[in-house]
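Written below as structure tokens is the structure these notes are about.
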Amino acid sequence: MGKNLVFNLHGRLFTTESVKIERKKLYGFSKTLVYDENGHECETVSLDEGACGIIPRGGLGLGILSPEGIWVERSALKAVDMHGRDAPLFESSYDCTTTLDTRIATEDFLDYCITGFYELPGKDFAQAIGDAIYAFDYCYRASYEPSAAFILAAGESAFLLTGHKAKFEMLSLPEEVTLDDDAEEIDESDEIDFSMI
């Protein structure tokens, strides 16, 4: 069962459950199984640095070291901005009321890569959204870096889509090229006669 989100849309409050829709439910999935000569399923393991010891699945983890090589607990870290000031901590979207007051055009919405997809059941909320696309900052839990989020409706449900803006590189020729209409005609006598080969 999903968590509840509260939205303020045109002064009306809507409380709706968020049901995560897994990518594999949309597109399906495949799984590769490997078996040994006795028919037993194999599992992935890692080797230590000297390739002498086997590390089973779950035996590796990430750690944080100071520049001096001393282990640092995650709780001792703090986020800062480019100027060294404390970065603002954004509240979880599930712990506050989100005001939907920013509408965006479909063309702007299509500039984003969508990574999360949630259904927000509720006919009244879907009708209030209508054909609009609303944008806001979304945090699953308190975070220093919120995701871009969008709400749109289809049928009797609204949908929450999260992601990030795609970075498109525009490619072009270094200079404009024009075709010359008065180009020399090709001399047909210089063409290769394939019947001679």
Side-chain angles (χ1 to χ4, degrees), residues 1-32 58 60-65 72-172:
M1 189 162 180
K3 294 182 175 181
N4 286 341
L5 287 164
V6 180
F7 295 101
N8 181 348
L9 180 60
H10 308 307
R12 292 177 61 193
L13 292 180
F14 296 91
T15 301
T16 179
E17 181 185 5
S18 66
V19 181
K20 183 161 180 66
I21 298 177
E22 299 293 340
R23 189 175 292 268
K24 64 184 179 183
K25 287 185 180 177
L26 294 174
Y27 306 114
F29 68 98
S30 63
K31 185 176 180 181
T32 302
L60 292 176
L62 295 176
I64 303 168
L65 299 178
V72 177
E73 293 295 335
R74 186 173 295 275
S75 59
L77 300 176
K78 70 174 186 173
V80 295
D81 63 15
M82 296 292 290
H83 306 291
R85 296 185 297 255
D86 289 349
L89 180 65
F90 293 87
E91 190 177 11
S92 168
S93 298
Y94 297 92
D95 295 335
C96 62
T97 299
T98 301
T99 301
L100 299 177
D101 55 5
T102 305
R103 290 177 65 159
I104 65 165
T106 305
E107 292 79 12
D108 296 328
F109 168 69
L110 294 175
D111 286 341
Y112 287 80
C113 297
I114 301 303
T115 56
F117 191 65
Y118 300 83
E119 181 182 6
L120 307 174
K123 185 176 180 180
D124 291 342
F125 186 48
Q127 287 177 345
I129 295 293
D131 294 333
I133 301 175
Y134 290 93
F136 66 99
D137 290 332
Y138 171 84
C139 294
Y140 182 77
R141 59 180 60 89
S143 171
Y144 294 100
E145 192 174 1
S147 300
F150 308 93
I151 289 190
L152 48 95
E156 295 188 356
S157 290
F159 295 91
L160 166 64
L161 290 80
T162 63
H164 59 274
K165 190 159 189 177
K167 295 180 181 175
F168 297 108
E169 291 188 24
M170 302 305 291
L171 303 176
S172 65

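Position 1 is the first residue of the sequence, and the numbers go up from there.
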Not counting sequence neighbours, which residues clear side chain to side chain contact (heavy atoms under 4.5 Å, CB included) with [X]? List them please.
X      : result
Asp137 : Pro146
Arg85  : Asp81, His83
Ala76  : Val72
Asn8   : Leu13, Thr97, Thr99

Check: Would Leu160 and Leu5 satisfy side-chain contact (heavy atoms from CB on, under 4.5 Å), going step by step from the backbone distance to the final call?
Finding: CA-CA 10 Å; Leu160 166 64; Leu5 287 164; 3.9 Å; yes

Can you give each donor-acceptor pair under 3.5 Å made by side-chain atoms of residues 117-135, sequence neighbours left out, with the distance rounded to 0.1 Å?
{"residue": "Glu119", "atom": "OE2", "partner": "Ser157", "partner atom": "OG", "Å": "2.8"}
{"residue": "Tyr134", "atom": "OH", "partner": "His10", "partner atom": "NE2", "Å": "3.3"}

Check: Hey, what do you get for CZ (Phe159) to CD1 (Ile114), rounding to the nearest 0.5 Å?
Finding: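 Rounded to the nearest 0.5 Å, the CZ-CD1 separation comes to 13.5 Å.
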
Next item on the list: Find the distance between CZ (Phe109) and CG (Leu161) and round it off to the nearest 0.5 Å.
Entry: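 If we round to the nearest 0.5 Å, Phe109:CZ and Leu161:CG are 5.0 Å apart.
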
Check: Is a donor on one side and an acceptor on the other found under 3.5 Å between the side chain of Ser93 and the backbone of Cys139?
Finding: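 Judged by distance alone, yes, a pair lies under 3.5 Å.
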
Margin query: Given 3.5 Å as the limit, does a donor-acceptor pair link the side chain of Thr98 with the main chain of Phe7, or not?
Written below: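 Pair absent, no side-chain N/O of Thr98 close to backbone of Phe7.
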
Check: Who are the side chain to side chain donor-acceptor pair (under 3.5 Å) partners of Asp86, not counting sequence neighbours?
Finding: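 With sequence neighbours excluded, Asp86 shows a side chain to side chain donor-acceptor pair (under 3.5 Å) to Lys78, given in chain and number order.
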
Check: Residues two or more places apart in sequence or in another chain: which of them pass side chain to side chain donor-acceptor pair (under 3.5 Å) with Thr102?
Finding: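 If we apply the side chain to side chain donor-acceptor pair (under 3.5 Å) test to Thr102, skipping adjacent residues, there are no hits.
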
Item checked: Those residues that, when tested against Tyr140, pass ring-ring contact (aromatic ring centres under 6.0 Å, His included) (two or more places apart) ->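 Scan of Tyr140 (ring-ring contact (aromatic ring centres under 6.0 Å, His included), adjacent residues dropped) gives Tyr94.
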
Notebook entry, point to check: With Arg141, which residues qualify under salt bridge (Lys or Arg N to Asp or Glu O under 4.0 Å), at least two apart?
Noted result: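 By the salt bridge (Lys or Arg N to Asp or Glu O under 4.0 Å) rule, Arg141 matches no residue at all.
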
Next item on the list: Could you name each residue pair satisfying salt bridge (Lys or Arg N to Asp or Glu O under 4.0 Å) that touches residues 93-118, not counting sequence neighbours?
Entry: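 Those involving residues 93-118 do not exist here.
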
